[in-house]
Amino acid sequence: MSSSTFNEFETRKRHPDPKSAALLVIDVQNHFTSIAKPILPALNTTINLCRRASVPVFFTRHCHKSQSDYGMLHEWWDGEIIHDGTPDSQFIPDLDRRESESVILKNTYSAFRDTDLEEKLLEIGVKEVIVTGVMTNLCCETTARDAFVRGFRVFFSTDATATSSAELHQATLKNMAYGFAYLVDCNRLQQAFSNS
């Protein structure tokens with residue numbers, strides 16, 4: 001994502017506050033390897049920037065345990081879903097995740113739906129979330145919108161999110177910047193955290 005495209009979509013600017021922010025790393029699993037691999041350097045950089053700034057990191061893992069939790073996803077994706085316990089459901093090995101960091105299991109696009117993510121965030125005083133991971137236009141966008149309507153200030157990464165096409169990625173960035181989230185990238189996060 002070039003800075004010119006980044007700037008083209010921005011409607012307002014703000015830096016996240018490391019004292020009240022949390023990083024959400026959405027669904028960086030083997031099922032999405034081809035989509036996630038190109039952003040892994042930026043994503044791991046983002047994770048490490050947040051850790052150094054004492055920003056808590058939460059990882060989500062999308063998986064289905066039984067037919068009762070398929071929802072509309074089974075129909076929409078012609079039965080191609082991620083079953084818990086399969087290699088596809090596991091985190092990509094190159095993802096920089098620590099065992100001590102929280103993992104939220106989810107079975108639909110939003111990381112807030114039928115999970116304890118909101119409670120965990122509020123428990124530690126989080127007021128802002130930084131959204132990263134895959135897919136930009138599905139789970140990342142839905143989680144960001146859901147966070148916004150729940151009262152969290154949302155920051156959406158332009159270089160640590162990815163999806164199946166540049167067109168869909170950019171459409172989400174445009175939507176996010178227009179009504180839901182401040183856009184950030186590794187450089188902006190580094191700047192924000194070094195100034196705080």
| note | Heavy atoms of E128 and F152 approach each other most closely as N-CD2, 4.3 Å
| field | Non-hydrogen atoms of D159 and C186 that approach each other most closely | value | OD2-N, 3.2 Å
| said: Let's go through L121 and V129 carefully: what are the C-alpha distance in whole Å and the side-chain angles of both, what is the deciding distance for side-chain contact (heavy atoms from CB on, under 4.5 Å) to 0.1 Å, and is it a yes or a no? | reply: CA-CA 9 Å; L121 295 176; V129 293; 3.9 Å; yes
| Euclidean distance, T46 OG1 relative to R188 CZ, rounded to 0.5 Å | 13.0 Å
| said: Nearest 0.5 Å, please: how far is CD1 in I47 from CG in L189? | reply: 11.5 Å
| message | With rounding to the nearest 0.5 angstrom, report the CD to CG distance, Q170 to L168. | response | 10.0 Å
| All side-chain hydrogen bond (donor to acceptor under 3.5 Å, both in side chains) counterparts of D84, not counting sequence neighbours | R61, K65
| said: Any salt bridge linking E101 with R51? Criterion: basic side-chain nitrogen under 4.0 Å from a carboxylate oxygen. | reply: yes
| Which atoms form the tightest heavy-atom contact between H62 and N107, and what is the distance? | CE1-C, 3.5 Å
| request: Apply the side chain to side chain donor-acceptor pair (under 3.5 Å) test between N137 and each candidate in T163, T172, N175; give the one that qualifies. | output: T163
| task | Supply the atom-to-atom distance S102 OG to K120 NZ, rounded to the nearest 0.5 angstrom. | result | 4.5 Å
| task | Answer yes or no: is there a side-chain heavy-atom contact under 4.5 Å between R153 and F148? | result | no
| Under the side-chain contact (heavy atoms from CB on, under 4.5 Å) criterion, do H31 and E80 qualify, and how do the steps go? | CA-CA 10 Å; H31 183 82; E80 187 188 332; 3.3 Å; yes
| said: How close do S34 and P38 get, counting heavy atoms only, and between which atoms? | reply: O-CD, 3.5 Å
| message | Within this structure, what is the CG-CZ distance for the pair L183 and R14, rounded to the nearest 0.5 Å? | response | 14.5 Å
| task | Decide yes or no for F59 and L24: does some side-chain heavy atom of the first lie under 4.5 Å from some side-chain heavy atom of the second? | result | no
| Could you go step by step and tell me if N48 and D96 meet the side-chain hydrogen bond (donor to acceptor under 3.5 Å, both in side chains) rule? | CA-CA 8 Å; N48 284 304; D96 187 0; 3.0 Å; yes
| task | Treating Ile, Leu, Val, Met, Phe, Trp and Tyr as nodes and any side-chain heavy-atom pair under 4.5 angstrom as an edge, say whether I82 and F91 lie in one connected cluster. | result | no
| task | Decide whether L122 and F112 are clustered together by the hydrophobic rule: side chain heavy atoms of Ile, Leu, Val, Met, Phe, Trp, Tyr closer than 4.5 Å, transitively. | result | yes
| request: Could you state whether L43 and V103 fall into the same hydrophobic cluster, counting links through intermediate Ile, Leu, Val, Met, Phe, Trp or Tyr residues with side-chain heavy atoms under 4.5 angstrom apart? | output: yes
| query | Would you find more than 12 non-hydrogen atoms of other residues, nucleotides or ligands less than 6.0 Å from E75 atom CD? | reply | no
| field | Given T143, D27, D69, the one that forms side chain to side chain donor-acceptor pair (under 3.5 Å) with K106 | value | D27
| said: If you apply the rule side-chain contact (heavy atoms from CB on, under 4.5 Å), what do you find for E141 with M135, and how did you get there? | reply: CA-CA 8 Å; E141 179 170 346; M135 297 171 64; over 6 Å; no
| side chain to side chain contact (heavy atoms under 4.5 Å, CB included) involving A144 - partner list, sequence neighbours excluded | V131, V154, F156, M176
| Cluster question for you: counting only ILVMFWY and a side-chain heavy-atom cut-off of under 4.5 Å, with indirect links fine, are V126 and V149 together? | yes
| How close do N30 and T33 get, heavy atom to heavy atom, and via which atoms? | O-OG1, 2.8 Å
| query | Quick one: do I35 and L40 end up in the same hydrophobic cluster if we chain Ile, Leu, Val, Met, Phe, Trp and Tyr together by side-chain heavy atoms under 4.5 Å apart? | reply | no
| field | Electrostatic pair E118:R113 at N-O distance under 4.0 angstrom | value | no
| message | Any side-chain to backbone donor/acceptor pair from H169 onto T158? Under 3.5 Å, distance only. | response | yes
| Side-chain heavy atoms of V25 within contact of V57, under 4.5 Å | yes
| message | Nearest 0.5 Å, please: how far is CZ in F32 from CD1 in I39? | response | 11.5 Å
| Can you name the closest pair of heavy atoms from I104 and A111 and give their distance? | CG2-O, 4.0 Å
| said: Quick one, P16 and F193 - any side-chain contact, counting heavy atoms below 4.5 Å? | reply: yes
| So, do C140 and T132 sit near enough that their side-chain heavy atoms are less than 4.5 Å apart? | no
| task | Determine, stepwise, if the pair Q29 / I92 fulfils side-chain contact (heavy atoms from CB on, under 4.5 Å). | result | CA-CA 5 Å; Q29 298 163 245; I92 291 173; 5.5 Å; no
